[in-house]
Amino acid sequence: MSHPEHPLLEMRNIEKQFGNIVALAGVSFAAHAGECHCLLGDNGAGKSTFIKTMSGVHPPTKGTMLVNGQPVVFDTPRTAMNAGIATVFQDLAMIPLMSVTRNFWMGREPTKGWGPFKRFDVKFANAVTMAEMSKMGIRLREPDQAVGTLSGGERQTVAIARAVYFGAKVLILDEPTSALGVRQTASVLATIDRVRKQGVGIVFITHNVRHAMAVGDCFTVLNRGRTLGTARRGEISAEQLQDLMAGRQEIASLEGSLGGTV
Amino acid sequence: MSHPEHPLLEMRNIEKQFGNIVALAGVSFAAHAGECHCLLGDNGAGKSTFIKTMSGVHPPTKGTMLVNGQPVVFDTPRTAMNAGIATVFQDLAMIPLMSVTRNFWMGREPTKGWGPFKRFDVKFANAVTMAEMSKMGIRLREPDQAVGTLSGGERQTVAIARAVYFGAKVLILDEPTSALGVRQTASVLATIDRVRKQGVGIVFITHNVRHAMAVGDCFTVLNRGRTLGTARRGEISAEQLQDLMAGRQEIASLEGSLGGTV
Amino acid sequence: MNPPGILQSSPAVPVDERIKRISPLAKLMRRPELGAVAGLILVTGFFLAVADPVMFNLAGLVNFLTPAAQLGIMALGASLLMIGGEFDLSIGSMVAFAGLIFGASITVLHLPLLAAVPLTLAVAGIIGVVNAAIVIRTGLPSFIVTLAALFILRGLSLVGLKWATGGSTQLRGIAEAVQGQAFLGLFSGKVFEGLFATLTEHRWLPRFDNGEPMITGLPVEIVWFVGLTALATWVLLRTPLGNWIFATGGDPAAAKNSGVPVRHIRIGLFVVAAMCAALVAIITVLDSGSTDARRGFQKEFEAIIAAVIGGCLLTGGYGSAVGAFLGSIIFGMVMIGLTYTRIDQDWYLVFLGGMLLVAVLFNNSIRKRVTGER
Amino acid sequence: MNPPGILQSSPAVPVDERIKRISPLAKLMRRPELGAVAGLILVTGFFLAVADPVMFNLAGLVNFLTPAAQLGIMALGASLLMIGGEFDLSIGSMVAFAGLIFGASITVLHLPLLAAVPLTLAVAGIIGVVNAAIVIRTGLPSFIVTLAALFILRGLSLVGLKWATGGSTQLRGIAEAVQGQAFLGLFSGKVFEGLFATLTEHRWLPRFDNGEPMITGLPVEIVWFVGLTALATWVLLRTPLGNWIFATGGDPAAAKNSGVPVRHIRIGLFVVAAMCAALVAIITVLDSGSTDARRGFQKEFEAIIAAVIGGCLLTGGYGSAVGAFLGSIIFGMVMIGLTYTRIDQDWYLVFLGGMLLVAVLFNNSIRKRVTGER
Amino acid sequence: QNIAVVTHGQANDPFWSVVKNGVEAAAKDSGVKVTYRAPESFDMVAMSRLIDAAVNQKPDGLVVSVPDASALGAAIQRAVKAGIPVITINAGLESSKKLGALLHVGQSEYDAGKSAGEKLKEMGGKNGICVNQEVGNVSLDLRCKGFADGFAGKTKVVPTGNEPSEVRAKVKAALDSDTSIDTIMALGAATAGEPAVAAAKDSGRLAKIRIATFDLSAGFLKAIAAKEAAFAIDQQQFLQGYMPVSFLALHAKFGLMPGGNVPSGPNLITSEKVSQVIELSAKGIR
Ligand SMILES: Nc1ncnc2c1ncn2[C@@H]1O[C@H](COP(=O)(O)OP(=O)(O)OP(=O)(O)O)[C@@H](O)[C@H]1O
Ligand SMILES: Nc1ncnc2c1ncn2[C@@H]1O[C@H](COP(=O)(O)OP(=O)(O)OP(=O)(O)O)[C@@H](O)[C@H]1O
Ligand SMILES: [Mg+2]
Ligand SMILES: [Mg+2]
């Protein structure tokens with residue numbers, strides 16, 4: 001392969017069961033610095049479950065994880081974060097009753113002052129939040145608005161802006177553009193591109209083959225808890241990828257009636 | 001215009017404020033039988049707020065609503081449903097702790113028996129749920145699984161299948177395909193097409209211009225709480241629509257770097 | 001890493017390879033109430049080992065099942081309301097207030113039983129509607145609204161008792177006033193007395209040393225308790241109404257958006273909870289023949305405890321009537337059981353708290369083990 | 001319908017036309033605690049109109065602020081815990097238990113105040129950790145776990161008191177034992193006595209008919225109450241820790257996924273709530289010179305009421321320390337105030353419930369009106 | 001032998017803990033086994049179940065308090081019918097015979113209240129308050145009623161909770177808002193009596209106010225000794241626990257039983273008698 005050095009993050013033979021439900025049946029995967037690795041697959045294939053084990057939300061039932069070639073165990077998301085992994089979860093992990101700023105900084109609040117008088121630097125936090133949001137194409141009314149009252153896309157943008165801002169080594173994005181408008185989507189894709197060029201490894205989950213092809217360096221397809229394999233950019237065409245994701249089923253007939261627009 | 005008779009559902013000059021936040025500043029709109037009316041717009045434009053007034057979730061601050069030309073007031077979603085309006089909300093309106101079947105039928109449970117012995121017909125309900133879900137391309141493990149443990153796309157499919165099953169006259173879909181895989185998306189678009197042909201009026205919210213062009217008969221673009229106008233199919237091209245939605249801003253420059261993939 | 005070649009070999013998968021076989025036991029244990037069975041077995045085992053064996057002869061069983069049934073009827077109402085996402089803290093005071101209404105309508109207004117019972121239930125129902133209306137109108141948490149009702153009803157009971165008795169806080173003579181009236185047997189006394197007498201004669205039931213039977217019949221509240229549990233279970237699991245209750249408690253906004261008449265459900269549940277308390281008031285007033293201002297003190301609390309032991313979530317949307325049933329029995333057994341042991345009364349509360357905790361922990365760990373959750 | 005031609009004329013919109021001007025008052029009223037100000041004003045107005053005016057001279061104020069402060073210190077701990085999404089029902093019993101530990105360590109172990117206070121706080125803290133550990137480990141609701149602790153601590157207080165006294169439920173002689181010890185003034189007696197004496201001399205403070213001052217200083221619990229409210233407010237609003245507490249209560253899963261150390265926060269909050277109760281125990285024990293087995297009975301309940309009046313949500317993630325402060329004062333005023341009126345005392349509970357309800361309703365409607373919510 | 005004691009007083013009630021101490025002392029002295037049971041609040045329904053449970057174990061004797069004869073009657077009669085000797089204590093003098101009990105030990109709360117009221121009236125009281133820490137508890141309400149009837153002046157009930165600071169604030173509020181109050185009747189020495197003394201001090205009228213209490217506590221007795229308070233009514237409830245148990249033990253052994261009721265009080269503790277009582281009170285004997 002083209003990466004003789006250790007990948008930033010490697011997952012080997014990850015299995016995960018919830019009670020009697022098997023969500024992952026042995027999946028391997030690696031994220032390299034400066035690359036965007038796309039994770040694709042049908043609904044319920046296990047993508048979200050997989051990246052949740054990467055970011056320490058739940059421990060895998062079986063399998064090993066390596067960061068820079070060293071085996072690690074992430075017992076909480078905080079450990080994963082401290083290892084430089086930032087994640088946009090599909091459910092966004094936001095607190096509806098709290099303000100945009102407080103959500104943005106949750107867990108890593110900037111402080112000023114010293115000793116016992118160290119305090120949350122609200123002004124700085126507000127300013128950074130507004131700036132990062134407008135970089136993503138959302139102009140907030142006020143940083144104090146509760147996240148629960150934002151529109152779906154606005155909320156998703158907060159989660160993305162937060163992860164990008166804090167994503168030190170690996171940035172995991174679980175369907176980040178699902179609720180976004182055209183402009184915001186473009187801006188997120190551009191951001192992925194920019195961040196990647198800074199040497200961050202990116203894991204990008206999407207159902208949109210065009211988005212995947214636009215920014216992906218590597219493509220892994222999951223199906224029913226198993227990996228169908230990994231391909232590098234250029235080794236696979238958009239059509240092949242589409243076929244793989246959809247399991248090559250009724251898609252052809254549908255395409256006919258809808259004029260190839262999906 | 002091409003519709004001399006009354007539209008199924010008409011909204012006139014709808015305004016909506018939340019406290020000091022103005023979400024809608026006078027929007028008009030109509031849904032006709034057998035047509036798919038696409039509602040497009042940037043994040044936070046007010047699309048979800050608008051369709052929530054249509055489906056009785058919150059009353060408009062100002063404005064009138066007409067069903068078949070008669071003014072109506074929907075004080076609860078139940079009234080709207082009884083008028084034949086079914087909605088897939090952006091947040092899906094599902095109860096995570098309840099099973100798929102119970103969520104599917106929530107509010108309109110099938111019964112058997114008579115009088116005081118009338119009871120929830122579980123067998124029938126389960127069978128219909130499994131069937132409707134598989135029509136959408138999702139094969140559930142069991143109808144008793146709690147919705148909270150479904151994947152994002154599976155959950156969205158339950159909401160769509162439910163609305164389609166009960167959508168008597170008007171079917172409102174708020175970004176129904178955002179979390180769906182390729183196959184499921186195709187199946188939803190095909191479903192829209194099929195339902196429309198049966199004479200149901202459809203309101204379809206999406207950020208994906210391709211999806212809108214594939215099934216839309218009519219396109220209304222919202223921007224910052226106002227409507228930018230309505231166009232019929234053929235009067236507008238995909239590029240024009242895209243421009244309108246994105247506000248014709250940085251999009252061009254982004255497109256360049258990403259190779260027109262958005 | 002997998003070479004890209006693998007991409008072509010998509011394996012043909014059977015239908016549900018993603019679902020492991022699950023034992024029927026595990027499937028059963030998934031039901032919220034059945035965890036409480038483990039707690040019940042544990043507590044029973046403890047008393048079998050420690051307590052006087054008479055605790056578990058028929059007289060002993062009835063002895064602790066009677067308060068369990070009185071608590072349980074309230075716990076049923078409370079658990080339905082909790083499943084629907086609300087609390088009613090006023091049901092304890094409601095026992096005193098409904099007892100006053102019932103007692104006063106019999107001794108002061110001289111109404112017959114057949115009028116006093118519906119009147120009492122109606123008053124309770126109206127108070128339930130008022131509670132519900134305030135909660136729904138204002139959007140305030142039901143905790144604070146029914147807490148105010150707790151104080152107000154308790155206070156009104158005191159004032160009313162003083163008014164009805166001319167200065168005392170205890171109203172007597174109710175049992176005498178209704179003696180021999182129609183339908184009395186529905187709310188008072190024992191059932192199956194003939195059967196019990198025959199059984200005692202044949203020495204199948206325990207007697208005192210002088211030959212008196214230890215137990216003469218099944219207290220009527222136990223019959224109500226079992227009947228209402230069955231009814232509530234049927235409603236919850238087998239009717240649309242049950243689905244609506246779960247939905248209302250699980251996420252009221254989502255339920256409303258899906259067309260569930262959330263308001264009506266809430267009002268109905270408050271009424272049911274209040275009426276359950278009133279029924280307990282009627283039964284206990286007839287049983288004791290008197291009522292006083294402290295009746296039902298903290299029963300709201302015990303009802304909620306019983307419901308929670310039985311697996312109801314405080315946050316709503318999850319629970320069962322059978323769970324409340326089992327929870328009440330556990331609570332009643334622990335409450336009375338100490339009497340059958342030689343443990344010092346001073347340790348009663350330590351014992352009660354410890355048993356509760358152990359029962360709930362045991363419940364929980366058994367259920368997790370069996371269903372394989374973590 | 002708009003003709004398609006309009007499509008081209010996209011209006012040039014200014015930056016924030018979508019946000020209406022909002023009055024500074026409305027902005028203030030959005031804070032959770034400031035709704036409670038309306039309730040406080042209402043209740044104060046009521047008593048100004050109805051009660052004997054001595055209620056509001058300085059001596060009268062101190063009279064009802066003292067129990068309010070004792071309740072308030074517990075309400076602060078309870079409200080922080082509630083904001084963090086948990087309950088502690090054992091804080092009432094903790095007052096009795098910590099009182100026992102404190103009293104016994106002074107009268108039985110003959111420890112000096114300087115050792116007894118940290119010991120008491122440490123024991124309370126450990127119990128808080130145990131509660132938290134059980135809640136976190138098992139995932140059981142804190143309601144049921146701390147309820148068991150409520151019973152256990154209450155029971156242990158009785159057993160311990162009987163052990164410490166040789167059979168009585170009251171342990172006395174504590175005040176005498178610590179007389180004159182260092183730092184006693186921190187937990188007992190009054191502060192600013194010099195200032196008050198001067199003020200009385202200049203006739204700025206009321207006196208008795210015989211010239212004795214009506215009030216000789218500010219009880220120390222009021223100072224603690226104000227100080228702790230300020231501290232808690234600062235932590236909640238101005239530190240990362242405060243953000244974590246809100247996040248933990250708002251959605252523990254989301255908070256955890258965002259890197260908030262949810263476990264540590266929870267443990268810390270349980271410890272704080274328990275220590276607040278222990279502080280109240282120390283202050284009241286020194287104040288009355290004795291402790292008994294019924295101290296703090298139902299205080300957990302009152303603390304939660306005060307927090308809820310002050311705008312805390314029972315579901316967690318929303319509330320404020322100032323709200324708990326105001327809620328405690330409202331509750332304290334209503335509790336003591338009736339005695340200053342000519343209303344028949346039999347109506348006490350009706351009155352208490354009615355005032356609570358009215359205060360909360362008034363709160364709510366004022367806030368909605370001002371902020372324009374519906 | 002086994003003797004069961006069921007009362008309506010919680011184990012942590014200072015009054016009833018003394019009764020329980022008496023029960024335990026008698027058990028030790030007479031060499032019998034006793035179980036002492038009580039509901040955790042004033043709950044007649046629960047109490048009748050506790051009696052049933054005790055009776056189910058066929059004890060050799062049963063001691064009960066009867067604050068509500070109609071609610072407890074059935075359970076007590078069941079014991080009598082089963083041939084178990086029953087002695088009533090504390091409350092229930094009126095109904096003791098009717099229910100079939102052998103005798104009654106103690107004094108009615110009403111009478112104790114009445115004699116205290118008479119004494120306070122004799123001391124010159126005209127306007128009194130009755131500090132009730134548990135309104136609705138029938139025995140406490142009877143104490144208040146007895147006081148009001150014996151006092152025959154102006155009286156008012158001040159309902160409070162169990163917390164000393166709250167009682168103190170309320171009593172002070174009552175004193176401040178009605179300056180003609182000259183008498184305080186507290187229904188419990190530790191919970192209501194001691195804070196009442198403190199409140200009277202706070203309001204600067206200690207010298208003008210007669211304070212009396214039911215039951216004893218060391219703190220209140222000290223106030224009596226210091227002439228800050230008038231007197232305490234002692235039912236000598238230790239006897240209510242001790243005597244019935246030893247009677248029943250003797251009854252079981254030799255068939256002995258006294259011929260009539262035993263009044264254990266009232267016994268007014270004034271400043272003359274106080275010194276001998278303080279130590280015993282701190283130990284839970286008086
Ligand atoms: N907590 C859970 N308990 C039981 N089953 C679960 C749980 N979480 C996920 N699952 C199941 O595991 C499977 C994989 O879910 P996952 O969310 O990883 O899918 P996904 O690939 O992210 O799908 P989507 O594209 O729809 O988001 C699903 O079938 C889901 O039902
Ligand atoms: N309850 C509320 N309180 C305050 N503001 C609200 C509330 N609901 C919506 N808003 C605001 O109204 C605006 C319109 O929201 P809406 O959800 O309708 O947008 P949308 O067009 O659906 O966006 P998206 O495409 O991101 O879903 C947003 O800016 C949002 O912040
Ligand atoms: Mg997913
Ligand atoms: Mg939307």
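Computed from a predicted model, the values in this text were never measured in an experiment. These values consider heavy atoms only, across backbone and side chains, with no hydrogens, waters or symmetry-generated copies. Protein chains get the first letters and strands the later ones, always in sequence-line order, with residue 1 at the start of each.
For a residue to count as touching a neighbouring chain, one of its non-hydrogen atoms must lie under 4.5 Å from one of that chain's; by this rule R172(D) touches chain E with the side chain only. For a residue to count as touching a neighbouring chain, one of its non-hydrogen atoms must lie under 4.5 Å from one of that chain's; by this rule S290(D) touches chain E with the side chain only. Using a 4.5 Å cut-off between heavy atoms, D13(E) touches chain D through backbone and side chain atoms alike. Contacts between V135(E) and chain D at a heavy-atom distance below 4.5 Å are absent for every atom of the residue. Contact annotation for A169(E): both backbone and side-chain heavy atoms come within less than 4.5 Å of a heavy atom of chain D. Using a 4.5 Å cut-off between heavy atoms, M55(D) makes no contact with chain E at all.
Annotation: maximal heavy-atom pairing with chain D below 4.5 Å, among S217(E), A218(E), G219(E), occurs at A218(E). Contacts with chain E were tallied for L158(D), V62(D), V95(D), D292(D); L158(D) has the most, counting heavy-atom pairs under 4.5 Å. The greatest number of non-hydrogen atom pairs below 4.5 Å with chain E, out of G289(D), S168(D), G296(D), is found for S168(D). The candidate from A173(E), S203(E), A190(E) with the greatest count of non-hydrogen atom pairs under 4.5 Å with chain D is A173(E).
Counting only N and O atoms by type, the side chains of Y340(D) and K170(E) include no donor and acceptor under 3.5 Å apart.
Taking a 6.0 Å sphere around NZ of K222(E), one finds it holds 12 or fewer heavy atoms contributed by other residues, nucleotides or ligands.
When all heavy atoms of T169(D) and A11(E) are compared, the pair lying nearest together is CG2-O, 4.2 Å.
Inter-residue side-chain proximity for R294(D) and E163(E) is flagged as unmet; no heavy-atom pair is nearer than 4.5 Å. Looking at Q170(D) and S281(E), their side chains never come closer than 4.5 Å, going by heavy atoms from C-beta outward. A heavy-atom distance below 4.5 Å is found between the side chains of R168(E) and D287(D). Side-chain atoms of N21(E) and K162(D), non-hydrogen and from C-beta on, do get closer than 4.5 Å to each other.
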Apply side chain to side chain contact (heavy atoms under 4.5 Å, CB included) to E166(E) and Q70(D), showing your working. CA-CA 10 Å; E166(E) 182 199 328; Q70(D) 291 172 3; over 6 Å; no
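Between the S177(E) side chain and the T339(D) main chain, a donor and an acceptor come within less than 3.5 Å of each other.
Once rounded to the nearest 0.5 Å, the distance linking CG of D346(D) with NZ of K156(E) reads 11.0 Å.
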